[in-house]
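In what follows, a single structure is set out as structure tokens and then discussed.
Computed over heavy atoms, backbone and side chain alike; hydrogens, waters and symmetry mates excluded. For ligands, and for the atoms within them, numbers begin at 1 and follow the listed sequence.
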Amino acid sequence: MMTLEAATLASRKADFPGLAGNWAYLDTAATAQKPQVVIDAIARCYGADYATVHRGVYERSATMTLRFEEARAKVAGFIGAADPNEVVFVRGATEAINLVAQSWGQRLKSGDRILISALEHHSNIVPWQLLRDRLGLHLDVAPLTDDGRIDEDALIAMIRPETRLVAIAHVSNVLGGVADVRRIADAAHAAGALLMVDGCQAAPRLALDVAALGCDFYTFSGHKLYGPTGIGVLWARAEILESMPPWQGGGAMIETVSFERSTWAPPPGRFEAGTPHIVGVIGLAAAIDYVEIIGLDAIHAHESALVAAARQALAPINSLRLFGPASSAGIISFAIEGVHPHDIGTILDEAGVAIRAGHHCAQPLMGLLGVPATARASFGIYNDLGDVDRLVAGLHKVTRIFGVGQ
Ligand SMILES: Cc1ncc(COP(=O)(O)O)c(C=O)c1O
């Protein structure tokens with residue numbers, strides 16, 4: 001087993017202006033702080049380099065187009081995609097999943113089934129409910145194991161001949177468990193279904209290779225990967241994208257337009273109507289450069305070590321209940337008996353520790369855990385054992401204030 005010292009990255013806090021001041025930021029699963037290199041890339045893109053893409057014939061625009069498409073190739077390399085044209089830029093994971101539902105989903109018929117898991121974020125539940133209600137589909141929900149992972153045996157047993165899509169989170173945003181995507185992909189394909197993976201919490205934490213994962217769609221958001229808000233990625237295999245109709249109409253997504261009819265550009269342009277988020281794409285490329293220099297395996301080892309240290313320190317607190325599997329990717333959820341998670345969050349905030357308290361956009365999961373909300377600490381590149389110590393000290397203070405078991 002790796003020791004904490006071996007797993008822990010050199011401190012990165014100085015790279016992040018948002019971390020200045022005396023606080024411990026433990027809410028990276030909601031959104032990551034931005035390194036100065038990303039902020040600088042955004043400022044340059046809006047400043048000296050600024051121009052539109054895919055339209056201008058002047059040199060500045062041609063240069064920006066080149067950088068925009070280089071960024072697409074960088075994203076493709078980051079996730080192991082075979083071809084940059086398999087990368088569609090969207091606003092975030094939420095938009096990516098809605099794109100799949102509204103475009104790919106058009107081929108589904110009444111009686112078809114979609115299978116998700118009980119730990120999904122609302123953005124991997126609601127788009128399928130909307131589609132279900134429109135087309136008369138069935139939405140099946142696979143259960144969880146006792147330690148809060150997707151019960152893969154049960155999920156695989158629930159794949160039926162009518163199942164057209166399995167849609168699951170790679171890493172749970174509440175409990176941190178990591179799904180065995182390859183195994184689920186193989187089972188889905190054996191039954192003639194496709195697999196869509198919500199990689200929102202995995203992209204910042206695990207080295208990705210969509211070819212090895214074997215999935216058909218992969219989605220994530222730039223802002224959780226140390227990049228800008230408003231930019232995200234939908235990856236799909238080329239032949240699937242080519243078979244999908246547009247979902248939004250406008251400039252850039254067409255080949256020809258007449259008043260009688262229009263024809264569509266090939267992917268990815270077909271799915272990128274309008275002027276894209278140029279600055280977001282350039283900022284995302286800078287964020288990928290930043291994490292790749294550190295290495296995703298090193299980031300995962302670092303965050304796993306922080307999770308292990310936190311769980312070890314929190315386990316002896318009598319009134320504290322830890323949710324989720326022992327080995328999780330950078331995320332832990334917990335509750336303290338008799339204390340509302342919002343009160344935990346407020347007391348920790350007074351101690352300079354920022355966590356998330358609430359349902360984490362996973363209300364059905366809260367119901368299964370038997371709580372209205374949890375407190376969640378999530379780690380990033382910049383956290384260290386000092387942040388874990390502050391969390392633990394803050395939680396001891398909570399138990400003292402509320403007079404619950406220490
Ligand atoms: C697992 C998961 N899926 C989807 C989302 C939605 O991401 P966004 O709000 O960036 O679209 C989140 C964000 O919290 C998430 O954690």
Side-chain angles (χ1 to χ4, degrees), residues 25-34 38 75 79 88-102 116-130 141-142 144 148-150 166-179 181 184 195-206 208 213 215 217-235 247 271 277 280-281 283-284 287 303 323-325 328-333 354-366 368-369 373-380:
Y25 183 70
L26 298 178
D27 199 18
T28 297
T31 197
Q33 295 288 332
K34 315 304 170 201
V38 168
V75 171
I79 60 173
V88 180
F89 287 122
V90 289
R91 281 190 298 142
T94 301
E95 187 170 82
I97 298 169
N98 279 278
L99 194 171
V100 176
Q102 291 181 37
I116 60 174
S117 88
L119 55 66
E120 299 308 315
H121 187 281
H122 295 165
S123 61
N124 196 27
I125 302 173
V126 182
W128 308 119
Q129 288 176 328
L130 293 172
V141 183
L144 306 183
R149 291 170 297 114
I150 298 173
V166 179
I168 51 142
H170 195 171
V171 169
S172 159
N173 66 308
V174 179
L175 303 173
V178 183
V181 173
I184 296 169
L195 175 63
M196 195 216 77
V197 179
D198 171 0
C200 230
Q201 299 296 344
R205 305 198 153 78
L206 303 175
L208 294 179
L213 291 173
C215 55
F217 301 99
Y218 200 93
T219 68
F220 64 92
S221 294
H223 70 100
K224 299 190 198 263
L225 181 60
Y226 308 95
T229 52
I231 188 70
V233 168
L234 167 66
W235 168 84
W247 76 310
F271 306 104
H277 188 4
V281 167
L284 175 61
E303 294 183 7
F323 301 104
S328 74
I331 297 169
I332 53 169
S333 264
I355 59 146
R356 171 94 178 261
H359 56 62
H360 317 290
C361 296
Q363 285 183 2
L365 174 58
M366 296 298 113
L368 283 177
L369 296 176
T374 71
R376 177 187 72 186
S378 54
F379 301 107

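The Lys224 neighbourhood of ligand 1 comprises atoms 7 (O), 12 (C), 13 (C), 14 (O), 16 (O), with distances under 4.0 Å to a heavy atom of that residue. Residue Thr94 has at least one heavy-atom neighbour below 4.0 Å for each of these atoms of ligand 1: 6 (C), 7 (O), 8 (P), 9 (O), 11 (O). Close approach of ligand 1 to Ser123 is summarised as follows: ligand atoms under 4.0 Å from at least one heavy atom of the residue are 3 (N), 4 (C), 5 (C), 6 (C). When each atom of ligand 1 is checked for a heavy atom of Asn173 under 4.0 Å away, the hits are 1 (C), 16 (O). Residue contact check: Ser221 has heavy atoms under 4.0 Å from atoms 7 (O), 8 (P), 10 (O), 11 (O) of ligand 1.
At distances below 3.5 Å, not a single donor-acceptor pair connects side-chain atoms of His170 with backbone N or O atoms of Ile168. Formation of a donor-acceptor pair under 3.5 Å by the Thr229 side chain with backbone atoms of His223 is not found in this model.
Residues in residues 88-101 take part in these salt bridge (charged side-chain N to carboxylate O under 4.0 Å, His left out) pairs, two or more places apart or across chains: Arg91-Glu95.
The shortest heavy-atom distance from His360 to ligand 1 is not under 4.0 Å. Note on ligand 1: Cys361 sits outside its first shell, no heavy atom being nearer than 4.0 Å. Every heavy atom of Asn124 sits 4.0 Å or more from the atoms of ligand 1.
With hydrogens left out, the protein atom closest to atom 15 (C) of ligand 1 is His121 CD2, 3.3 Å, a heavy atom. Shortest contact from atom 16 (O) of ligand 1 to any protein heavy atom: Gln201 NE2, 2.7 Å.
Considering only residues two or more places apart in sequence or on other chains, Trp247 meets the side-chain hydrogen bond (donor to acceptor under 3.5 Å, both in side chains) condition with none of them.
Side-chain contact between Glu303 and Leu206 is absent, with no heavy atoms from C-beta onward closer than 4.5 Å. For the pair Phe217 and Val197, the minimum side-chain heavy-atom distance is 4.5 Å or more. Within the 4.5 Å cutoff, the side chain of Ile116 has no heavy atoms near those of the Gln129 side chain. Between Leu175 and Arg149 the shortest side-chain heavy-atom distance does not fall below 4.5 Å.
In Asp198, the part holding a heavy atom less than 4.0 Å from any atom of ligand 1 is the side chain. Only the side chain of His223 comes within contact range of ligand 1, with a heavy atom under 4.0 Å; no backbone atom does.
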